[in-house]
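Report on the structure given below.
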Amino acid sequence: MNFELSPEQEMLREMLQRFMTEKCGRDVVRAIVDGQDEWAAELWNAMQQLGLLGIGIDEILGGTGGCLMEVCLVAEALGHGLAPVPFVPTALVSQIIARFGNEHQRERLLPGIIAGGVRTTIAAIDGQFADGTISGTAPIALDGAIADIALLATNTHLVIVPLDGPHVTRTPIGSVDRTRSIARLSLAAAPADALPDAALDWWQDAAAVLSGFEQLGGTERVIAMTRTHVLERRSFGRAIGSYQAVKHRLVDMHIKALIARAHAYHGAWALMTDAPERRLAAAGARVAASEAYRFSAREGLQLHGAMGTSWEHDAHLHLRRAEMLGLVWGGSRIWKERVVVQLEQAHV
Amino acid sequence: MNFELSPEQEMLREMLQRFMTEKCGRDVVRAIVDGQDEWAAELWNAMQQLGLLGIGIDEILGGTGGCLMEVCLVAEALGHGLAPVPFVPTALVSQIIARFGNEHQRERLLPGIIAGGVRTTIAAIDGQFADGTISGTAPIALDGAIADIALLATNTHLVIVPLDGPHVTRTPIGSVDRTRSIARLSLAAAPADALPDAALDWWQDAAAVLSGFEQLGGTERVIAMTRTHVLERRSFGRAIGSYQAVKHRLVDMHIKALIARAHAYHGAWALMTDAPERRLAAAGARVAASEAYRFSAREGLQLHGAMGTSWEHDAHLHLRRAEMLGLVWGGSRIWKERVVVQLEQAHV
Amino acid sequence: MSEAMMDFNDSPEQANYRMQCRSWLAEALTDFDGRRPHFPDFDVPEVMAAARAWQSRKAAAGYAAISSPRGYGGGGGSRIEQEIFDQEERASPAPFTDVFDIGLGMALPTMAAFATPEQKSALLPPLIAGRDIWCQLFSEPSCGSDLAAVRTRAIRDGTDWILDGQKIWTSYAQHADYGLILTRSNPDVPKHKGLTCFFIDMRAPGVEVRPIVQMAGIAEYNEVFFTGVRVPDAQRLGEVDGGWSVALSTLMHERTLGGAGKVRGLTIADIIEGARKLQIGDVPALADGAVRERIADWWIDMEGIRLNYYRALTLLTRGETPGPEFSAGKLMSGRQVQEMAAFMLDLSGPSAIDIGDDSDSAGLAMEWLMAARRRLAGGADEIMKNILAERVLGLPVEPRLDKDIPFRDLF
Amino acid sequence: MSEAMMDFNDSPEQANYRMQCRSWLAEALTDFDGRRPHFPDFDVPEVMAAARAWQSRKAAAGYAAISSPRGYGGGGGSRIEQEIFDQEERASPAPFTDVFDIGLGMALPTMAAFATPEQKSALLPPLIAGRDIWCQLFSEPSCGSDLAAVRTRAIRDGTDWILDGQKIWTSYAQHADYGLILTRSNPDVPKHKGLTCFFIDMRAPGVEVRPIVQMAGIAEYNEVFFTGVRVPDAQRLGEVDGGWSVALSTLMHERTLGGAGKVRGLTIADIIEGARKLQIGDVPALADGAVRERIADWWIDMEGIRLNYYRALTLLTRGETPGPEFSAGKLMSGRQVQEMAAFMLDLSGPSAIDIGDDSDSAGLAMEWLMAARRRLAGGADEIMKNILAERVLGLPVEPRLDKDIPFRDLF
């Protein structure tokens, strides 16, 4: 039994916290929210310099080494900082290619990703892959407006598509989360390169877990900022954090975070070990993390009082991010259904 | 717009409260709970003497007069006092016979009911009515162990069946609510007398509303006893009723009672006026009242602390009564479904 | 059947009045195209112009402030007539007039109770006719729920008072002509005992209004700064140092019946319609048990609040005053709209991330973003629960450490 | 992959130990017929006899108190081995031994920390072997959650103390040989500072036990009256007037990890099985979206608590002490079992009214009735939330009016 971070992983977490405090301050996020920048390119470069874009990729393949758990810890730190960078889609793609891609695909794509010059999106597409080309529309491609490469999943194939050609039209959408550049992708016979079938089965589970860590980081941030607020804010002569209605709500947030963390670790473990319960563990991670972040963002905003409803306050940025992440791989009703289907099979 | 009790009805309510305080004290209820008596016959006699068994029945038919609303107020008062008497089934039957019965049925049954000598049950039966006899089993007949007459509903008929003949077997069951004598009825070609089809459509709605008032009375009682407890009980130097966790829980109970009362009034009004929205209103009354009583009984018990879990405390009698009433005409999932079916039709 | 039976239907007089309202609305609204934004942004000149025109038209026909005396420009009618008109107006595509709500709902009854006859004659008719907009200057940065802790100073200067300080979360202050203000007139007594209320001219020298953009991108609220603002003593409402009871009466108008019949926004019909269109897997979402159960639960609460509002109206009809228990509607509705909107977004799946102006989810997302405001404005959920616990259930207040201490020693 | 990877599987040593436990259990349980009541009632002689026999058998094989030193009759093993055995035992039809839980879970660590070596040698082996039953005498009628307010007096008399007062909610006191007791030794100092702990002989003159029948019909709890009970000072645990820290350490054992891995009762598998059999209209309840969504929600929480328990075990394995955050399991599980049982009863419909011994709903109803106890015993939900808020999140305690006042002036 070993179900905790290792001391090395704890060190990585602390390092990431310091890194984020330094490189992803309020001004970085607000520059995107207020439309001055499209994404946080400088933060991305700093991440690249630290080797974070190659984390979880074997050194033989040019990566920094480490396992998927370390990738998850980066996602958590970025979620904590509301970072406007395409890390999760990019890491998903690099993990998938490292794991399932052939030699040619690895050599063509991994160096660029690890070097920071190639950003990716990954999305479900309503469309067809045949004869080396793909046609159709991906209505929501996370970080799709700034991506160079897309992994697109039809019902039957997971394919790699460069986004720079004439066969691709991308339309940025007015996203609920203003910190990320989301686009609709329309493809008309765009050249595409298929991955093995096993990747198609794997990617949704991996997306659920990686985003789960991003959600978990956001949850912890909301809890921390709400805690600080209720310790400082006074009403009727007392810190509002001494009132049970406030205390117990924060405990509810905390417990949801605790449960989400346990499921997230389990999901990461199941992905790493290809455990038989991988689908269940990944669905658990997604449902628990979506619930924890959405609940905490909503109730954290409430506990901030009227101030929390203003544009200038960060509470709504988390509310919006929580909603976007809760929706992007499918809403909770769908993922809870995945949980139950797995449970039914386990308890025939 | 007139959606409140009339001054006369308010007077009736106060009179009923005094009556219950006097005639249905703790000893009366405990005698049934602890198995000394099967039901509260003395209370029933006192009700008969006050004319409560003929309430809502026209004076021409031998009743006390008044409308269904007054019947509902009696049910509320009995629910408040956890009264171990078969009023709701009996009143349902007398209302149905007065409303739908032919002259012969009225003359045969109403005088006995109003005089207190004839008690009734009403239940759904898994069985068949044909050629003037009924066969089948009613697994749960409320107050069935002490009833003289049953109204039984098959899928196609609502029939009157005397329970004293050789064709009827009744088996008392170990009910979750120990204040009421519930039985399983098995009938083998028992003589039965059918009511018009309209009655079959009406009875469930009427049962939902009348029980709704009984549930509402129980809810108000639980709120009152919990309020008294939290004002008296002290912890860490304060009345526990001054802690927000306690205050806000009582407010939740109070709001559920408020909503249940509004729906109960609406249901009674819809039954009385045969309003087009009768089914919806009755389902609303049932769902809201079941939720209010179950929630208040559960959380009221919790707020009483360990003391509330002891046999000697009345908290569990309400928890049990709330569960029995929440189940007896079908659980909440079924009745919520009735709500939605009606809403779908209203919003095509 | 007894004569004393409940009756949901209009009496013949009420039915008659309803028909009169309905036909007047139909005629009056032929001018309007019926297109309205999801939420009114009164910073948009057309939205404000439509509101003023409509309010003035209602006033001319006696439909603005129906239950206020005719002398002030009201309709001279009953509270039930007001409700009948409101119901009909809500069912119509009439322009939004929220910008007058504070004036009509809070300033009007407060002025009616505390102002002089001359002041009422001068100020209430333009308020009712939509010419003057009023705001309520109570909240301050350092006191959210704890209104008695306001710090904005009022210092006597001859027959005037000089106001210095800051208010916040003042709805529509950027448009307002007048405001009701709660000030600290005496810091040497416990906090509830040193407050005084005034009405003020929002255009007076020293008043500065700064809009606060909300999370949904609209600016309904403002910060308002007071620097040496001179207010004649004649504009005082209530006694010197007696402002707390004036403020309480104003707030009572805000909270009583709040939310019960007046909630705009998502309805059960919207949810049913949405769930008919959306799919879960291969079946319509409306066929899914989880969706159906939620619809039932939401309807129970919404319909319960609506029916409860009828109970309150019945009391009004009988000349009684509904108690604070009817404020449960406000508490319930904010949270419920938030839940419903969030649920529908989730059910829509990834495509609901797109909330651009032309998207399918634009309206839903606006409801969702604005719902947080509903849970806070006019008393946060937590405060509403305290009020219900203390005033309706008679439970003890929290231990108060600040009650008998002079205000100036509290900080 | 990194070496530092998480691992849910047993290490080779652990797997070996698990197989050893499993085969021992299989063999040891051939004697038992495997039929157990829904809940153990230790007033039934056969239930108690089975518990004693099983506990003694475990002790003889080194499986009682696995992680306690062999010197006292423990197994001399690790905390992880204890957990492995517990998992295997829970999966087996072994007789219930709840009557020893207070002794093993609270008295054993408290005695190990505060008793003399002689006392430990004399008292712990029979405790572990199931010969002696221990109880914990903390709660009193006038103090539920506020343990520091106990009034049972302890007055020094030479080398003895004389105890007078009343305890309540004492689990299994009617069967107990010994008890840990918290007393008021000094009423002239603030309430936390005048308490002293002892262990006592429950058969001593002046101790009277009166069982309290619970709502489900079983008597687990008792009132215990003390009239001039003489206790040697040698049975004092901790310092004179230092009982609060002894009590806190005892309670910490009760609460840490409470409920996480040890919850007996309804499982998700039970719910799935039940929902397969029940119908809603014409379809199996398991096909209904509302049922399916609840199953998912409950699984998320239960599985989260279980996984969280593994995090705590990992810390134990590393020699660290899991903090109070792991007590969230107890908070969650009581409420959840209550919800699950109520939901299944509701789904069963009218027939679930029949909870007679032979009925289909008997077991479910017992879970439902006993769930209320889970939400109260060992810290009510509300108290657990306070503890988490204050000790884990560092939020301020409520204003305390009683903290620095001598105990005797509080009433």
Side-chain angles (χ1 to χ4, degrees), chain A residues 1-9 65-70 223 227 230-231 237-239 241-244 246-248 250-256 258-263 265-266 268-270 272-273 275 280-281 283-284 287-288 291 332-333 335-341 343-344 346-347, chain D residues 1-11 14 80 83-84 267-269 272-273 276 286 289 291-293 295-297 299-301 303-315 317-318 320 325-326 328 331-332 381-382 384-390 392-399:
Chain A
M1 172 68 56
N2 176 22
F3 189 48
E4 257 302 348
L5 300 183
S6 68
E8 294 74 23
Q9 288 165 341
C67 66
L68 189 71
M69 191 68 211
E70 275 98 57
I223 292 174
R227 181 178 171 277
V230 304
L231 287 172
R238 296 158 52 181
S242 69
Y243 290 99
Q244 281 187 338
V246 174
K247 288 165 90 159
H248 292 189
L250 259 162
V251 167
D252 292 340
M253 291 158 65
H254 166 74
I255 290 177
K256 283 183 191 286
L258 205 70
I259 286 175
R261 181 171 298 281
H263 279 283
Y265 285 8
H266 190 218
W269 170 83
M272 285 188 286
T273 58
L280 179 61
V287 173
E291 168 66 16
S332 64
R333 188 74 194 77
W335 283 88
K336 287 182 185 176
E337 189 56 29
R338 271 170 93 107
V339 165
V340 181
V341 167
L343 290 174
E344 280 180 294
H347 298 288
Chain D
M1 300 264 175
S2 141
E3 288 174 66
M5 216 176 69
M6 289 176 173
D7 189 358
F8 272 91
N9 298 317
D10 292 332
S11 68
Q14 290 165 352
I80 283 293
E83 174 59 19
I84 290 170
T267 64
I268 293 293
I272 290 176
E273 193 192 328
R276 275 210 179 92
L286 189 55
V291 176
R292 295 176 78 78
E293 186 171 19
I295 289 173
D297 288 339
W299 178 81
I300 291 287
D301 284 347
E303 179 73 359
I305 290 164
R306 190 179 72 89
L307 292 167
N308 210 39
Y309 181 58
Y310 290 148
R311 293 184 62 207
L313 286 183
T314 306
L315 293 181
T317 316
R318 292 188 191 168
E320 296 168 38
E325 66 266 32
F326 292 99
L331 176 60
M332 301 290 289
D381 286 359
E382 295 74 16
M384 300 306 291
K385 285 198 172 183
N386 282 350
I387 289 174
L388 286 165
E390 290 159 18
V392 179
L393 296 172
L395 296 178
V397 298
E398 300 269 333

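Within every chain, numbering begins at 1; the chains are lettered A, B, ... in the order of the sequence lines, protein sequences first and strands thereafter.
- Here A:E344 pairs with A:V340, A:V341, D:R276, D:L286, D:R292 under the side-chain contact (heavy atoms from CB on, under 4.5 Å) rule; sequence neighbours left out.
- For chain D, the nearby part of A:L231 is the side chain; its heavy atoms alone come within less than 4.5 Å.
- D:D381 is linked by a salt bridge (Lys or Arg N to Asp or Glu O under 4.0 Å) to D:R375, counting only residues two or more places apart in sequence or in another chain.
- With hydrogens and angles disregarded, a donor-acceptor distance shorter than 3.5 Å links the side chain of A:E70 to the backbone of A:C67.
- Of all the heavy atoms in A:K247 and D:P396, the pair that sits closest is NZ-O, 2.9 Å.
- For chain D, the nearby parts of A:V251 are the backbone and the side chain; heavy atoms of each come within less than 4.5 Å.
- For A:L343, the parts lying near chain D are the backbone and the side chain together; criterion is any non-hydrogen pair under 4.5 Å.
- The backbone N or O of A:A262 lies less than 3.5 Å from no partner atom in the side chain of D:R311, so there is not a single donor-acceptor pair.
- Of the atoms belonging to A:R261, it is side-chain heavy atoms, and not backbone ones, that fall under 4.5 Å from chain D.
- Highest contact tally toward chain D, considering only A:H248, A:H266, A:H347, is held by A:H248 [criterion: heavy-atom pairs under 4.5 Å].
- Interface remark: A:H254 contributes side-chain atoms only to the contact with chain D (heavy atom separation under 4.5 Å).
- Only the side chain of D:I272 comes within less than 4.5 Å of a heavy atom in chain A; its backbone stays farther off.
- Highest contact tally toward chain A, considering only D:I84, D:I295, D:D297, D:I268, is held by D:D297 [criterion: heavy-atom pairs under 4.5 Å].
- Side chain of D:K385 to main chain of A:D252: no donor-acceptor pair is present (N/O by atom type, distance under 3.5 Å, no hydrogens or angles).
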